[in-house]
Number of protein chains: 2
Amino acid sequence: MGDMTEPRWLTDEEQHVWRAYLHATTLLEDHLDRQLQRDAGMPHIYYGLLVQLSQAPRRRLRMTELAKSAKITRSRLSHAIARLEKNGWVRRENCPSDKRGQFARLTDEGMEVLRQNAPGHVAAVRQALFDRLSPDQVKQLGAIMRVMAEGLEPTDADADLPWLR
Amino acid sequence: MGDMTEPRWLTDEEQHVWRAYLHATTLLEDHLDRQLQRDAGMPHIYYGLLVQLSQAPRRRLRMTELAKSAKITRSRLSHAIARLEKNGWVRRENCPSDKRGQFARLTDEGMEVLRQNAPGHVAAVRQALFDRLSPDQVKQLGAIMRVMAEGLEPTDADADLPWLR
DNA sequence: CCTATGTAGTTCAACTTTCAAGAACGAGTC
DNA sequence: GACTCGTTCTTGAAAGTTGAACTACATAGG
C-alpha cells in the first residue's frame, strides 16, 4: 500500500488515448441520451431496463437481477421502476416463492414503446459506431472492452475485502 | 426521413461488441468515480475540471471555455463551480475585458488537492486500462476513439441544420 | 444615440441519482 | 419459539443534472 515512490505517469501516447477515450465515450453517451429522451421520453439507462426485461423469460425479472444486469444500485432501480410504472411501461408483481421479492414485468405498452424506438436507437448506434469502424476495428474494440471488463468485474473478493488504500 | 424500410439490426458480433462496450465503459466510469469520491471527495467530472484549470495559462479559464473542454453544459458547470468554490478549490474572478465574463481559477488549495490525488488517479487508470492492454491495443483504442469522436463532434453544421430524422 | 440581436452566465423547476435508514421477510441456531 | 443475522426492496432527503427562462452586457446597423 505505502507505495510512495514516484508514480508511473502516463506516456504521451497514453495521455492522448485516454483523452480520446473520455471525449468519445462522453459524446456517445450524451448523443444516445438525447436521442432517446427526444424520441422515447426516457434516458438511455431507462431504455436499457426495458430492453433487459423484453429479453427475460416471461418479460420479467427480479429487482435484484435487473439491478445487477443493468449495473445500478437497487435503490436507483426502485426509483427508476417507479417512474416507468407511472408511464405504464412496467408493472410490479409479487414473487410467490419469496415474499420479500418483486418482479418487474414489461407491459404490452412498454413492449410497444420498445418496438417503436428500437429502429431509431439501433440506427443511432450504427451511425455513431459500427458504420464508422472497419470490421477489424469492431473486433479490436470487442477484445479491448472484454479485457477492460475483466479487470473491473466486481468479484466476490471486492465485497469481502475491507477497501484497499 | 421517411425511411420506413426494415431497419438494419445489429449482427450478432456487433451486439456482443456493443454490450461489451456498455459493460466495460460503465464499470470503468463507476470505478473511477468511486476512487475519486473516496480519495478526493469529488466525482470524476469535478476532478476533470480541476485538471483542465491546472493546465490552463494562469490556472484559469472562462466558464464557457471550461464547459466546452469538459463537454458539459454551462448550467451544469455553474453548479459544479459553485460547489468547488465552497470547497475552496476554485475561485471566480471577473473578466475585465468582458463584464459578462467570469473566470474560474484554481486556488492553491485546489492545486494541492490535485497533487495529492493525481498519483492515485493515474494508478487507477493504469491498472484498469493501460497495464492490461498490449501496446497494439492501446494504439487501436486510440484510433477507434478518434473515429467515434469525429462522427459525434458537435459541428457548426449541427447548429444550422434542422435536425435529421 | 437607439434598437435589435447575440452571447455569457446564472437561476428555476422538474427530474434523476445517491446515501443513509428502515420495514419485511428468510434462514440458521439454540 | 426466540434470537440473530443476512437479504430484498423501499423510502426520504440531499446532491446533482437538465432545459428553459432570465439578467446583464456586447456588438452591429441604422
Side-chain angles (χ1 to χ4, degrees), chain A residues 26 29-49 60-87 89-105 156 159-160 163, chain B residues 26 29-38 41-49 60-87 90-105 154 156 159-160 163:
Chain A
T26 65
E29 173 93 45
D30 287 3
H31 182 65
L32 295 183
D33 255 354
R34 272 184 241 284
Q35 187 259 322
L36 282 169
Q37 187 70 57
R38 172 166 52 80
D39 295 350
M42 64 188 141
H44 189 203
I45 182 111
Y46 284 37
Y47 181 86
L49 295 176
R60 61 179 207 177
L61 281 174
R62 286 287 294 272
M63 294 294 278
T64 297
E65 297 295 319
L66 184 50
K68 245 181 256 174
S69 73
K71 286 165 271 296
I72 62 178
T73 62
R74 287 193 302 277
S75 170
R76 185 174 172 183
L77 180 62
S78 268
H79 291 296
I81 292 294
R83 197 268 223 189
L84 292 172
E85 207 170 12
K86 261 190 200 165
N87 289 329
W89 299 335
V90 168
R91 199 171 41 224
R92 275 181 232 247
E93 290 177 2
N94 295 326
C95 174
S97 65
D98 185 338
K99 289 182 186 169
R100 296 166 303 181
Q102 290 276 111
F103 285 105
R105 176 197 291 273
D156 291 338
D160 293 346
W163 302 287
Chain B
T26 65
E29 174 95 43
D30 286 3
H31 182 66
L32 295 182
D33 257 354
R34 272 186 242 284
Q35 186 259 324
L36 282 169
Q37 188 70 57
R38 171 165 53 79
M42 64 187 140
H44 189 203
I45 182 107
Y46 284 38
Y47 181 85
L49 295 176
R60 60 180 210 178
L61 281 174
R62 287 288 293 272
M63 295 294 278
T64 298
E65 296 295 320
L66 183 49
K68 244 180 259 175
S69 72
K71 286 165 272 297
I72 62 178
T73 61
R74 289 194 302 279
S75 169
R76 185 174 174 184
L77 181 61
S78 268
H79 292 294
I81 292 295
R83 199 269 223 186
L84 292 173
E85 208 171 12
K86 262 190 198 165
N87 288 329
V90 168
R91 198 169 44 225
R92 275 181 231 248
E93 290 177 2
N94 293 326
C95 175
S97 65
D98 185 338
K99 289 182 185 170
R100 295 167 304 181
Q102 289 277 104
F103 284 105
R105 176 197 291 271
D156 292 337
D160 294 346
W163 302 285

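What you are looking at is a predicted structure, and each value in this text was computed from that prediction instead of being measured. By convention in this document, chain letters (A, B, ...) are assigned in the order of the sequence lines, proteins followed by strands, and residues within each chain are numbered from 1.
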*Does R100(A) have a side-chain nitrogen or oxygen under 4.0 Å from the phosphate oxygens OP1 or OP2 of dG26(C)?*
no
*Examine dT11(C): is either OP1 or OP2 under 4.0 Å from a nitrogen or oxygen in the side chain of R74(B)? Give yes or no.*
no
_Under 4.0 Å from OP1 or OP2 of dG9(C): is there any side-chain N or O of R62(B) that close?_
yes
*Please answer whether the main-chain N or O of H44(B) pairs with a side-chain N or O of D33(B) as donor and acceptor at a distance below 3.5 Å.*
yes
*Hey, does I45(A) reach any base, or is it just sugar-phosphate, or nothing, if we go heavy atoms under 4.0 Å?*
sugar-phosphate
*Under-3.5 Å donor-acceptor pair between S75(B) side chain and dT11(C) base*: yes
*asked:* Both A80(A) and T64(B) contact DNA chain C. Which one's nearest nucleotide lies toward the 5' end?
replied: T64(B)
_Per R76(A) side chain, nearest of listed nucleotides dG9(C), dT16(C), dT18(C)_ = dT18(C)
*Among the candidates dC9(D), dG9(C), dG19(D), find the nucleotide nearest to the side-chain atoms of Q102(B).*
dG9(C)
*asked:* Nearest 0.5 angstrom please: R76(A) CZ to I81(A) CD1, how far?
replied: 12.0 Å
*Taking atom C1' of dG6(D) as reference, at what distance in whole Å does atom CG of D98(A) sit?*
12 Å
*With sugar-phosphate meaning primed atoms plus P, OP1 and OP2, does R92(A) contact a base, only sugar-phosphate, or nothing at under 4.0 Å between heavy atoms?*
sugar-phosphate
*Rounded to the nearest Å, what distance is computed from the CE atom of residue M42(B) to the C1' atom of nucleotide dC19(C)?*
20 Å
*Can you tell me the distance, in whole Å, between the CZ atom of R83(B) and the P atom of dT10(C)?*
17 Å
*Rounded to the nearest Å, what distance is computed from the NZ atom of residue K99(A) to the C1' atom of nucleotide dT10(D)?*
19 Å
*Working to the nearest 0.5 Å, report the span between CG of L84(B) and NE2 of H79(B).*
13.0 Å
*Specify the residue among H79(A) and Q37(A) whose closest nucleotide of DNA chain D lies further upstream toward the 5′ end.*
H79(A)
*asked:* Regarding F103(A), tell me which of base, sugar-phosphate or nothing describes its non-hydrogen contacts under 4.0 Å with the strands shown.
replied: nothing
*asked:* Using a 3.5 Å limit on both distances, find every run of at least three consecutive Watson-Crick or G-U pairs that involves DNA chain D.
replied: C:1-30 with D:1-30
*asked:* Rounded to whole Å, how long is the line connecting atom CG of L77(A) with atom P of dT11(D)?
replied: 13 Å
_With a 6.0 Å cut-off (strictly less than), is the heavy-atom count around CZ of R92(B), excluding the residue itself, greater than 12?_
yes
*Do you know which two heavy atoms are closest between G101(B) and R62(B), and how far apart they sit?*
CA-NH2, 3.4 Å
*asked:* Please report the distance, rounded to the nearest Å, between CE in M63(B) and C1' in dT7(C).
replied: 15 Å
*With rounding to the nearest 0.5 Å, note down the distance linking CE in M63(B) to CG in L66(B).*
7.0 Å
*Please answer whether the main-chain N or O of S69(B) pairs with a side-chain N or O of K71(B) as donor and acceptor at a distance below 3.5 Å.*
yes
_Working to the nearest 0.5 angstrom, can you tell me the gap between Y46(B) OH and I72(B) CD1?_
8.0 Å
_How many whole angstroms separate atom CZ of R38(B) from atom C1' of dT18(C)?_
17 Å
*asked:* On DNA chain D, compare the nucleotides closest to S97(B) and I72(B); which residue's is nearer the 5' end?
replied: I72(B)
*Consider the side chain of Y46(A), meaning its heavy atoms from C-beta on, and name the nucleotide among dT10(C), dT17(C), dC25(C) that approaches it most closely.*
dT17(C)
